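In what follows, chains carry the letters A, B, and so on, assigned in the order in which the sequence lines appear, proteins first and then strands, with residues in each chain numbered from 1. Everything numeric here is computed off the predicted structure, so don't read it as measured data.
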2 protein chains.
Amino acid sequence: MDKLRQHIEDITALSDEEYAYIKTFFTAKKVRKGQYLLSEGDDARYEYLVLSGIYKVFYIDEQGREFILQFAKENWWMSDYEAFFREKKATVFIECIDAGEVLVNTLQTREKLATEFHKMEHFYRAKLTNGYIALQQRIKLLLSSTPQERYETFSKMYPDLGQRLPKKIIAEYLGVSRETLSRLYSR
Amino acid sequence: MDKLRQHIEDITALSDEEYAYIKTFFTAKKVRKGQYLLSEGDDARYEYLVLSGIYKVFYIDEQGREFILQFAKENWWMSDYEAFFREKKATVFIECIDAGEVLVNTLQTREKLATEFHKMEHFYRAKLTNGYIALQQRIKLLLSSTPQERYETFSKMYPDLGQRLPKKIIAEYLGVSRETLSRLYSR
DNA sequence: CAACTGCTGTGATCCGGATCACTATTTTTT
DNA sequence: AAAAAATAGTGATCCGGATCACAGCAGTTG
């Protein structure tokens, strides 16, 4: 069973020929724990589909504080999408938290696939729709909720990540200090 | 000159026949100041393309505080996209701040257009891409910046809205109290 | 034009969470 | 197995911004 095919067919059916062709544009890459797939200042030439492992997409502000934009696990896409689509330099880092494997694609082949196959255009639109909704929900959470509520929502959305990730890292995702998060547990 | 056509053709060219057909799915609607296009609890059956006027998309939390998710002016789309795409009840309000006109569309015809025309699928994907990037930027701003920086970024991004909107409303967008924003001006 | 309603500025107080500092524990490295 | 590094808990302090309260000013609206 092929994860990429399964992933695309969750949205739209493919013939064997179509899939065989599409597949040629993706290359697999093994990633070690601690490895960076992207660093600030790089050209964001690639986007990644996670096959296994855990990754974080984060940035560092002027004061050196770290903020996590996104976690990624199996079947999630990741890149610095602003830089990727607009062909600018990356402003974020992508680091592997837990070793695994990813599929790599470029903007050129992404657009080529979308142009050649209405199906793939549709697939990418569906993925973007989900992403858009997820970001909107996160904005709501950041605007109006307490650290408590943020943590609860996070735990509900990603029960597995809540277990597997150090709390320090969860705090960076929630936009809360490590200490505050720790005190949330004790209470 | 037709605004809808211009708006779509910014992304992808259309023949006269194509446009004539597409056009039939949109209906124009005049909106008065203070009028609501959507309220919490409604079915989010429509999405709107703004032809003129200014609108705000906002929600109200349990404590009755108001938070603005999005402003919209000419050529911007708006809806409760989570509810619209997933066919759930709306959790947000859309209110007209400055009278104008909008084009109305439904999920069914949106999907119909995307299915019938690869071009339109592409158009919607392009719009979602922009939207995704904008939301990502906003998340960064909410995670790591001070009220000061938020205000400056907002003013740079929407110099016109900064002028036309009451400061109270800008504060609700920035996630900052009215008083804090006011003090930012005096300093 | 008088009365009401919404907007803005400014002071005073309060509080949640950041920051700092240190210790204990676990994990990784060598 | 020892040393080093990352992680986690917890207390003490501090501070930015929220909240509360009020006053001056448009700007509608009857």
Exercise. Would you mind checking if B:Lys168 and B:Glu66 are paired as a salt bridge, meaning a charged N to carboxylate O distance below 4.0 Å?
Key: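 Salt bridge flag = no for B:Lys168 with B:Glu66.
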
Quiz item: A:Lys167 side chain: which of C:dG17, D:dG9, D:dA18 is closest?
Solution: D:dG9

Practice problem: Select one nucleotide: of C:dT10, C:dG17, C:dT19, the one nearest the side-chain heavy atoms of A:Arg65. | Solution: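 Looking only at side-chain atoms, A:Arg65 lies closest to C:dT19.
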
Atom [atom1] of [X] to atom [atom2] of [N]: distance rounded to whole Å?
{"X": "A:Lys33", "N": "C:dT29", "atom1": "NZ", "atom2": "P", "value": "8 Å"}
{"X": "A:Ile97", "N": "D:dA6", "atom1": "CD1", "atom2": "P", "value": "15 Å"}
{"X": "A:Tyr185", "N": "D:dT7", "atom1": "OH", "atom2": "C1'", "value": "12 Å"}
{"X": "B:Leu181", "N": "D:dG16", "atom1": "CG", "atom2": "C1'", "value": "15 Å"}
{"X": "A:Glu179", "N": "D:dT10", "atom1": "CD", "atom2": "P", "value": "13 Å"}
{"X": "B:Glu66", "N": "C:dC7", "atom1": "CD", "atom2": "P", "value": "10 Å"}
{"X": "A:Gln148", "N": "C:dC15", "atom1": "CD", "atom2": "P", "value": "19 Å"}
{"X": "B:Ile170", "N": "C:dT8", "atom1": "CD1", "atom2": "P", "value": "8 Å"}

Quiz item: Between A:Ser186 and A:Lys168, who's closer to the 5' end of DNA chain D by nearest nucleotide?
Solution: A:Lys168

Quiz item: Should the pair B:Phe58 and B:Phe93 be assigned to parallel (<30°), tilted (30 to 60°) or perpendicular (>60°) ring geometry?
Solution: parallel

Exercise. Check whether the side chains of A:Tyr81 and A:Glu47 place a donor and an acceptor atom closer than 3.5 Å, and report yes or no.
Key: yes

Self-check item: Aromatic contact, A:Trp76 with A:Tyr158 (centres under 6.0 Å)
Solution: yes

Practice problem: Could you tell me if the ring centre of A:His122 sits under 6.0 Å from that of B:Tyr124? | Solution: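 No, ring centres 6.0 Å or more apart.
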
Quiz item: Donor-acceptor pair under 3.5 Å: do we get one between B:Arg178's side chain and the base of C:dG9?
Solution: yes

Quiz item: Taking only N and O in the side chain of B:Thr146, is any of them less than 4.0 Å away from OP1 or OP2 of D:dG16?
Solution: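 For D:dG16, neither OP1 nor OP2 has a side-chain N or O of B:Thr146 closer than 4.0 Å.
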
Quiz item: Would you say a side-chain N or O of B:Ser182 is under 4.0 Å from OP1 or OP2 of C:dG9?
Solution: yes

